[in-house]
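First the structure, in the form of structure tokens, and then the observations on it.
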Amino acid sequence: MLTIKEESRRESHMDIDEPEVHGNSDVDMIIEPLSNKEDDEERNFWKNNANAKPDKFEIEEGSMELLRVFYKRFFPYKTYCYWLNYSIDPMNKSFQNREFNFVKPGDDEIYMRYLSFDTIEEFKNEVLRVCPKKIDIGAVFTAKPKEKKSLKLSALKPVEKELIFDIDMNDYDEFRTCCSGATICEKCWQLITVAIKILDAALKGDFGFKHLLWVYSGRRGVHCWVCDERARKLNDDERKSIASYLGVIKGGAQQNKKVHLYKNSFHPSLTRAYKIIEEYFERVILEDQEVLKDEREWTKVLEFIPDEAVRRRLNDDWRENSSRHSIEKWDNLVEELESSVKLAKNPKKAESLRFCKIEIMMQYLYPRLDEAVSTKMIHLLKSPFCVHPSTGRVCVPIIPEECENFNPMIVPTISSLYNEINDYDRSHVKNDGGRSLHDYEKTSLSPYIKYFDKFVQNILKETLAKNKAVMQMSMEF
Amino acid sequence: MVRSYLHSLYADQQSKYARLLIVFYATKSYKIMFSNTDTNNKRTLSSSTIEGDRYEVKRHNGKKYPHLLNFYSVPPTEEITIDEFESFAFDRLQVLKTLEGAILRNKSEEEVKKYLEETSNKWLPLHSNESGKVYPLQEERRKDHISHFILRLAYSRTEDLRNWFLKYECALFKLRFLRENPVEKLGFLNDENMRWKSLNQAEKKLLNEKLTKDELNTCSIFVTTDGELCDLFEIDFEKVPDLVARRVVYLREGKAYVPVTQQLSLVMYEFRQRLTKALELASKSFITLRNERIMPMLDEIIKQYDGRTQTVNYSIISNPIADNVHQLVDHFPLCMQHLYQNLCENHHLKHYARIQFNLFLKGIGLTVEESLAFWKKSFSEIDESKFQRDYAYNIRHNYGVEGKRQDYKPLNCMSLITKHRPNSGEIHGCPFREFSQPNLRTKLVQMGVRNEEHIREILNLAEEEHYQVACTKYFEITKGLLDKNNDNIIETIEHPNEYLNASVLLEKNRMKMNNKDK
């Protein structure tokens, strides 16, 4: 039985002796539960294999062995470390003060947090020793994260971090008809392709960023790492404003219509996005996803229309002709909207009907971003070139200009790479002449690593040019 | 007479670190100095008192305060009495608190202006140069200046206090800026060296050709009758975060093109940046401030900080345990009912929903053990090891027994409404804001609101963005407070735990009444 206290006590929470100079509650709530983003239906590769067969031990050992081979022979340590060093000079603070996070192999998700490394060798040795099933990259701090325990809390503050974006297929589940949850196919991957195109154009065109590394997350999403110096130096508020600028889809599960732009649809960033969407809408949304196929599906679309009469007319019409193709039904919808704009007496209503078509199209194809990832400097994100724990696929870069041809289903996995390298070695046993190839060059991983090399070189060149300019400046004085 | 000297030493503005030092003076008087220390050579500039114009506020036409507006970049340099010290601080607090009240209650900008006008005239009058003959302008501005610095010091102590002060000082400055006439504004900005790169004719022409009329319009770029563009500034996008966030400005290659009419954003950015930095500096100096005369006064000033959102002991229920939670469901506000229902149906809640509900439970008074028991029971389909691995840590973290060990407070309505808005698939937040109108209607009916007039009233309030008022109305309707003509008018709900407490108390009072009747 519940009883009630008579008094409500007032107390002060203020800590008078120690001024709180570090962090705030929001920040902490995001970082601490870092295992959460994917926790909800995370199943893990090793565990699945383990449960599938009684000879659990062998298989688990087997995939561990594959991972070990991957880290030993394929992981591009040098390029990777120079990428995070942002300079061809010996490893500097940018690399040494960077937080890494490893997840230990095995059934339990054991996190090794606040790791940092002084040299490429140290990084490589630790990776080989631990054989992490996941590597996360965090921010660059004012000191070495590994020395956290011996530092004052206030001495370890985040100072730099790439601007990152996370697009997850999960967020398209409310209308995706071909697959759901963790599964993807070539049809729904198109949604991600369109998202990449729009976001890539906006980040380059509007914000002037040049060094964008797009990475396949290994399962059903992509990450974007904006590596320009200006992007790395953004503070959290500035990151928030960019995320808000790029965030068009708003609202949770209880809000059907998630795009409310009205006249803002004419913002140059959105008119550019709209042009891209127009190219794909018919094929991806109407043909592949068939969002107007049957009553259950089209009802969702009709709910976006702010006029009862229009909704009813379309619904009645389609009920009678339900076999009509989605493309034709969409034409009906557009016609109805156009004529109803003219008829609407209330100017506010006319306005909302006028922008309804654009808003619906945006809702389907404008990128759905996970804002929390982009707004906090300290947010950890899965590293490029690690292996997705549930698919075994390598998180390879995607060339944005060629993203249409990217097929996630044929991305190299640790087991396919293992087979490829063995096949190669078997057929090339006696070939001693000529330059010895890197292991990755013998496999389908090669183009991805070459692209990454080039990407990093471009960044390093820019740093070099900048340092040169600074040198010259100081020479002149 | 006890006199305190508010004495400041203004040294090098470029210096990165400032310290605030107190020098003990004779027996009963003190001297506070806002001083800057050059940490590179550890040279402290404080121990000597420097007099003279060099460190005075810049004089302008012989007047110390030429403008109503003030960026407060220069600390006051004069002696004040202890009476003034106290009264200045409290008077300014009155104004900030009125602003807070108006903003928290979602008043319209016009209403906020009106409130401000009233309290300002009473506590901290500040008039523009044009009315200089009627009012003692220098006197008013001196008070504004000094009171700002006292509060800046007092409110620099914790992150929460700093945020509070920053927020309402910005709001105050903004309203004052809006109220000031254009000529004065320009004069002020010129004196503060606030100038930005303007586009020349050729650049404007290029822009005009590139963008359509509609596009120009959404970017707040206006076209004059001669077909020319209005004057524009070219600014790094980082400097206009609010314009970028609202997507009302044209961006190209990292530059924002800001029309002269949006100057306010630029000014506010500058004001906010400077004050944020100044507060951080002040907080560092707080450690060195140990003084038996000044500290109690500063403590007193801080106590005025709105206690309701900060220091309430939330629970009125003694020793609640995990197994009782379901008995309380009828007292839950709609947001928590919604989460609880989902939890019961799906045996799971996502990240932010968990935080929201867990802190609410904490507010009810569940101990961390009880809370863990509750979640373990509710997540019935998740096995023990996964629960321990993926969830227990966060639940304990909310209670401040993991990680940074911060004692999180139950989220109030403002944070539920404004922070971490739900993405697709997420159900947390304030239902009055996050539900579409048809869904909200269904929900209300489901919760037992059957009267069409009532439903409409709540829907309208939600649509007009008066979410907390809608929630209050929902309380009154579902608790039968409207029908009986009684005077149990409750205040606007500002916290889910407040809702629960009000509901529990109401039931208790009714039971008492019934017992009496018998």
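Lettering of chains follows the sequences in order, A, B, ..., and the numbering in each one begins at 1.
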(request) Apply side chain to side chain donor-acceptor pair (under 3.5 Å) to Lys210(B) and list each qualifying residue two or more places apart in sequence or on a separate chain. (result) none
(request) Please flag which part of Leu234(A) lies under 4.5 Å from any non-hydrogen atom of chain B: side chain, backbone, both or neither. (result) side chain
(message) Is Glu238(B) close to chain A through its backbone or its side chain, or both, or neither, when contacts mean heavy atoms under 4.5 Å?
(response) both
(request) Could you list which of residues 428-435 of chain B have a heavy atom closer than 4.5 Å to any heavy atom of chain A, in residue-number order? (result) Arg433(B), Glu434(B), Phe435(B)
(message) Only pairs of heavy atoms separated by less than 4.5 Å count here; which of Asp214(B), Asn439(B), Val240(B), Leu211(B) has the most with chain A?
(response) Asp214(B)
(request) Tell me whether the centres of the aromatic rings in Tyr399(B) and Tyr408(B) are closer together than 6.0 Å. (result) no
(message) What's the separation between atom CZ in Phe266(A) and atom OH in Tyr274(A), rounded to the nearest 0.5 Å?
(response) 9.5 Å
(request) Inspect the contact between Arg272(A) and Asp206(A) and indicate whether a charged nitrogen and a carboxylate oxygen are less than 4.0 angstrom apart. (result) yes
(message) If I measure from the heavy atoms of chain A, does Arg421(B) come under 4.5 Å with its side chain, its backbone, both, or neither?
(response) neither
(request) Output every pair passing side chain to side chain donor-acceptor pair (under 3.5 Å) with a member in residues 240-251 of chain B, not counting sequence neighbours, ordered by first then second residue. (result) Asn264(A)-Arg247(B), Asp242(B)-Ser265(B)
(request) Let me know if Val249(B) has heavy atoms under 4.5 Å from chain A in its side chain, its backbone, both or neither. (result) backbone
(message) Which residue is it: Val259(A), Leu261(A), Leu270(A), Leu199(A)? I am looking for the one with a side-chain contact (heavy atoms from CB on, under 4.5 Å) to Tyr366(A).
(response) Leu270(A)
(request) Using non-hydrogen atoms and a 4.5 Å limit, figure out which bit of Phe209(A) sits close to chain B: side chain, backbone, both or neither. (result) side chain
(request) Identify, with sequence neighbours excluded, every residue that meets salt bridge (charged side-chain N to carboxylate O under 4.0 Å, His left out) alongside Asp323(B). (result) Lys377(B)
(message) Need one label for Tyr269(B): side chain, backbone, both or neither, based on atoms under 4.5 Å from any heavy atom in chain A.
(response) side chain
(message) Can you confirm if the NZ or CZ of Arg354(B) lies within 45° of the ring axis of Tyr391(B) and under 6.0 Å from the centre of its six-membered ring?
(response) no
(request) Could you look at Asp236(B) and say if it's the side chain, the backbone, both or neither that has a heavy atom under 4.5 Å from chain A? (result) both
